[in-house]
Amino acid sequence: MINEPVLLIVIPLFAGFLIPIIYLISKKAIKYIPIIAVFYNLFVLIRLIQINSTSLSYFTTGGYKVPFGINLIFNSQIGIILFAINLLALIALIFFLKKEFHLVNSFAYTLGFIIAISAVNGMVLTGDLFNLFVFMELAAIAGYIIATHKRGYYPSFLYVIISTFGSLLFLLGTITIYNVSGTLNMASVSENLVDVSPHFIVVLSVMFIVALSSESELLPLNAWVPKVYEKTSITGSIFFGSVLSTAALFAVIKVLVLVFKGGYEYLFNSLTIIGLATLLIGEFVAFKQRNVRKIVAYSSIAQAGLIISAVSVSLKNGTITDSIFNAAMFQLLNNIFAKGLILLGVGLLGYYSFEKLKGIAGKKKFASILITIGVLSIIGMPPFAGFWSKFFLIKSLIANKMIIFVAIFLASAIFEVYYYLRFIQNMYYEEFDSKIKINQISAVSYFLMISLSFMIIYIGFNPSSVMKTISDIFTGGII
Amino acid sequence: MGEIINYWTFIYGPLAIFLVGVYGLLTQKNLFKLVISINIMDLGVNLYIIALGYMDNASAPIYTAKLAVTSSRFVDPVPQALVLTSIVISVAVTAFVLALVIKNYEKYNTLDLIKIKGIEND
Amino acid sequence: MKKFWAIITVLLILFFLGSGLIPDLKIYKQNNLSQKTGKVYLNRTVNDDSPFKEIDKKLYGEANDVENNAANSVTSVIVDYRALDTLGEVTVLFLAITGVIALLGKSKKNNRILFEKPNYILNASSKILLPLIVLFGFYIFIHGHITPGGGFQGGTIVAASVLMMYFAQNNYKLKNNRMKVLESFSGLSFLIFGLLGIFIMGDFLQNFLELGIMGKLFSGGLIPIIYILVGLKVSAELSNVVYEFMGEE
Amino acid sequence: MNSLYIASIFIFVVFVLSILAIESKNILKSILFLSAASIFTAIIFVVWKAPDVAMTEAAIGAGFTTFLFFIAYFKVDKLEKEN
C-alpha cells in the first residue's frame with residue numbers, strides 16, 4: 001500500500017486517460033471509471049489522514065530534495081478539506097452520471113470532470129508556485145468545458161478571458177518572486193523574501209490577489225461567476241460552487257500563509273478591506289436578485305470575501321491568530337456542504353426563478369425541507385452547522401477586539417438572512433401555480449441530498465467535537 | 001542612455017507588450033480581437049520571464065563538447081522551462097477559445113461582444 | 001473616449017508595476033545565479049549536501065555519475081526536475097482538445113474548409129515530403145535531451161505534416177480514432193512510468209534506469225523515454241485539433 | 001552590448017506589431033500581425049540564449065496558433081456567407 005498524496009492527483013488522471021480508450025470499446029462503460037477513481041481517492045485520503053499527524057509533511061516528487069524539486073504538502077487539516085471537496089465531487093459525479101449524462105457530449109464532460117478533480121486536488125496539495133499555476137490552469141480548462149454544459153458559450157468565453165488574464169498575472173508574479181528569491185517553493189520563498197522594499201511586496205501581493213481572485217470568486221475578477229452559475233447544469237453549479245471555489249480559496253490561503261506570512265501588516269489590512277468589500281457588495285447584489293442560482297452565486301462571492309478577510313485578520317500580526325483562523329476554516333468546510341445541498345436541491349426541483357418556485361413546498365415537501373436545512377445552515381440558524389462556524393468566528397473576533405469587522409459582518413448577515421428567508425417564504429407560503437410541471441425526484445437524488453443534510457445536522461449537533469478536532473488539527477500546525 | 005535601453009529591453013518593453021494586450025481587452029469588442037489580445041499578453045509575459053533569466057556573455061544552458069568545464073556562465077534554465085510550459089498551455093487555451101468563438105457565432109450570429117450581451121439579457 | 005480611459009488605465013498599471021518592481025529586480029547585469037534554484041539544476045547537485053557549491057569538472061562526454069544526465073539543461077528541468085508540471089501541461093493540452101472536439105464535433109455537416117484544388121505537383125510532392133517531415137519531427141523529440149528541441153516542438157512538426165496533407169490533398173482524411181488511442185496510450189504510459197518510480201525507488205516519477213554518459217543518445221534514464229511519450233502525445237493531440245478544425249466532408 | 005541593441009530593437013518591433021494587431025480593423029491583418037510578432041519574439045529568444053523556447057514559440061506560437069486563428073476565421077466567414 002503506497003501512502004503518497006500524489007496518488008490523489010494521479011488516480012483521477014489515470015482514469016481520465018483511460019476514458020478515451022474505453023469509449024472506443026463501449027460508450028456506456030465510461031460511466032463507472034470516474035466513480036471508481038473518486039472512491040479510491042477517498043479511500044486513499046482516509047488512509048493518509050490516519051497516518052499523517054497534524055504537523056506538516058513534505059512529499060517530494062522525482063526524488064529531489066524539498067526546496068528544489070516539486071513538493072506536495074499534506075497534513076490532516078489539508079486532508080479534511082480535501083475529503084470534503086472529494087466527497088462533494090463524488091456526489092456531483094453520481095448525480096451527473098445518473099441524471100445529466102444524456103445532456104450533451106457526455107464523453108467530454110465526464111473526462112473534464114474527472115480531470116478537474118485531479119487538478120483541484122493538485123491545487124490544494126502543491127507546495128510549488130508554478131505547479132499551482134499549472135493545476136489552476138487545468139482546473140480552469142475543466143471549468144470552461146463544464147461551463148458550456150448547457151450551451152452557455154458566452155459565459156464560458158467570458159470566463160476564459162477573465163481567468164486567462166488572472167493566470168497570466170499569476171505567472172508574472174511567480175517569475176518576479178523567482179527572480180528575487182531564487183526559488184519557486186512557497187515555504188522557502190518567505191525565508192528568502194527578507195530584504196526587499198515594502199513597495200515591492202505591495203506590488204507583488206496585489207498581483208497575486210488579482211491573479212487568484214478569478215478562480216476564488218473575490219472582487220476584481222469575479223464578473224464571470226453569476227453568468228456561469230446561471231447558464232450551467234446542476235452538476236456544473238455544484239462543481240463551481242462547492243469544489244472549484246473551495247479549492248481556489250484554499251490555494252489563496254496557502255499562498256498567503258506560506259509566501260506572505262512575514263508580518264506584512266498593510267498587505268493583510270488591505271486584504272481585509274478587499275474581503276469585506278466583496279462581502280458587502282456580494283450580499284447587497286444578492287439582495288436584489290429573484291433567481292435562486294444568482295442568489296447562490298452572489299452569496300458564494302460574499303462568503304469568499306468573508307473567509308479571506310477573516311484569514312487575513314488572523315494573519316495580521318505576523319503569526320497566526322489560531323481562533324479566528326480555525327473559525328474561518330470551519331466556515332469554509334460548512335459552506336461546501338450547505339451550498340452543495342442548496343444547488344442540488346434547487347436543481348432537482350428544476351426551476352430557479354421565484355415566480356416558478358412559488359408554493360412548491362406544498363407539492364414537494366421532503367425536498368423543500370432538505371433545501372431549507374441547507375438555507376438555514378448558510379444563514380447561520382441553530383442548530384445547524386453554519387450557526388456554529390459563524391458563532392465561533394464572531395466570538396474569536398470579539399475576543400481579539402475586531403469590533404468594526406463584527407459590525408460589518410453582522411450587517412451583511414442581516415441582508416443574507418432577509419433574502420434567504422424571502423426565498424423560503426416564497427417556497428412555503430405562496431400560492432402554487434398549477435400550470436407548472438413538477439419534476440420527479442429519484443431515490444438516488446434523495447439519497448444524495450439526505451447524505452449532505454446529514455453532514456450538516458451532524459456537525460450542527462456536535463459542534464464542539466468537530467471544532468475540537470479542527471482546532472487540534474489546525475492550531476499551531478497550520479501549513 | 002545605456003541604462004534606459006536596459007530598462008526598456010528587460011522590464012518596460014515586455015511589460016508594455018503585456019499592457020498592449022490589456023488595452024486590447026479593455027477597448028475591443030470583437031471576439032477574435034479579444035483572443036488576439038490574450039495572445040499578445042502571453043507574448044509579453046514570456047518575454048519578461050526570459051528577460052529576467054538572461055545574463056550577458058552567458059551561453060545557452062546546453063552542455064556541449066566545446067563548453068567542457070562546468071561553470072556558472074550559463075543562462076538560467078528555470079525560466080526557459082517555465083516559458084515552454086506556458087506557451088503550450090496558451091496554445092491549448094487558444095484552441096479551445098477559438099472553438100468557443102465559432103460556437104458563439106453559430107448561436108448568436110454575431111461576433112460583437114456588446115450585441116451578444118444584449119441578446120443574452122433579453 | 002473609451003480608448004482614452006483605457007490608455008490612462010494601462011499607463012497607471014505600468015507605472016504601478018514598474019515603480020514597485022524595478023528597485024528590487026536584479027536586472028540582467030547583476031543577475032547572478034549564485035543563490036538560485038537554476039544554478040543547482042545546472043550543476044546537477046540537487047541531492048548533494050551543499051547544493052550551491054561551485055563544481056569544476058567536465059560533465060559532457062565523461063560524467064556518468066551525475067544525478068540527471070541530459071546534456072540539455074532545459075530538458076532536464078522540464079522532464080525530470082519539474083516533471084509533475086509537464087504531466088499537468090500535457091493534460092491541459094489533452095483536456096483542451098477534448099473540449100474542442102466536444103464543441104466542434106457536433107456541427108460537422110459539410111463543414112470542411114476547402115481551398116483551391118491543389119495541382120498535381122503539390123499533390124505528388126506532399127506525399128514525398130510527408131515521411132521526411134514526420135521523420136524530422138521524430139528526430140527532434142528523440143534527441144530532445146541532447147540538442148535543443150523536444151517533445152512539444154517535435155510533436156508540432158509531426159502535426160504540421162498532417163496539416164500539409166490537408167492543404168495539399170482535398171480528399172485527405174486523418175484516422176482520428178487511432179490518434180486518440182495513441183494519445184491515451186502515451187498518457188497512460190507516462191503515468192505508469194511515474195508509478196513505477198514509486199514502486200521501485202519510492203518517489204513519483206523518480207528515475208530508475210541507468211543514467212549513462214552525458215551527451216550520448218542512450219543516456220539520461222527516463223528522460224528520453226518520457227520526452228518521446230510526450231512527443232507522441234502532442235503530435236496525436238495537435239493532429240486531432242487539425243482534424244477537428246478542418247472538419248469532415 | 002551588441003545583442004542588447006538587437007534585442008531592444010526587436011522588442012520595439014514586437015511592441016509596434018502588437019499595437020497594429022490590436023488596432024487593425026481587418027481581422028485577417030490582425031492575425032498576420034500577431035503571427036509576425038510571434039516570429040520576432042522567437043528571434044528575441046534566440047538572442048537571449050533560449051533556443052528551446054525559440055523553437056517552441058516558432059512552431060507552436062507562430063505556426064500552430066496562426067493556423068488555428070485562420071481556420072476559425074474562415075469557418076466564421078463561411079457561416080457568414082451562408083446566412
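Per chain, numbering begins at 1; letters A, B, ... match sequence-line order.
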Please report, to 0.1 Å, the donor-acceptor pairs under 3.5 Å made by any side chain of residues 89-103 of chain C, with sequence neighbours excluded.
from: C:Thr91; atom 1: OG1; to: C:Leu87; atom 2: O; distance (Å): 2.6
from: C:Thr98; atom 1: OG1; to: C:Phe94; atom 2: O; distance (Å): 2.7

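Residue pairs meeting the salt bridge (charged side-chain N to carboxylate O under 4.0 Å, His left out) criterion with at least one member in residues 227-242 of chain C, sequence neighbours excluded: C:Lys233-C:Glu237.
When ring centroids are compared, C:Tyr227 and C:Phe141 stay outside the 6.0 Å threshold.
Between chain D and the residues C:Leu163, C:Ile157, C:Val241, the most heavy-atom pairs under 4.5 angstrom are made by C:Leu163.
Nearest approach of C:His145 to C:Leu217, heavy atoms of both residues: NE2-O, 2.8 Å. Between C:Ala159 and C:Leu238, the closest heavy-atom pair is CB-CB, 3.4 Å. Closest of all the heavy-atom pairs between C:Gly137 and C:Val158 is CA-CG2, 4.0 Å. The shortest heavy-atom contact between C:Ser161 and C:Val134 is OG-CG2, 3.6 Å.
When only modelled atom types and interatomic distance are considered, C:Asn207 and C:Asp80 share no side-chain donor-acceptor pair under 3.5 Å.
The environment of C:Phe136 atom CZ is sparse: at most 12 non-hydrogen atoms of other residues, nucleotides or ligands sit within 6.0 angstrom. Other residues, nucleotides and ligands contribute only 12 or fewer heavy atoms inside 6.0 Å of the CZ atom of D:Phe12.
Taking non-hydrogen atoms and a 4.5 Å limit, the residue list of residues 149-156 of chain C in contact with chain D, ordered by number, reads C:Gly149, C:Phe152, C:Gln153, C:Thr156. Proximity to chain C at a heavy-atom threshold of 4.5 Å picks out D:Glu23 from residues 17-42 of chain D, in numerical order.
Looking at C:Ile140, the atoms closer than 4.5 Å to chain D (heavy atoms on both sides) all sit in the side chain, from C-beta outward.
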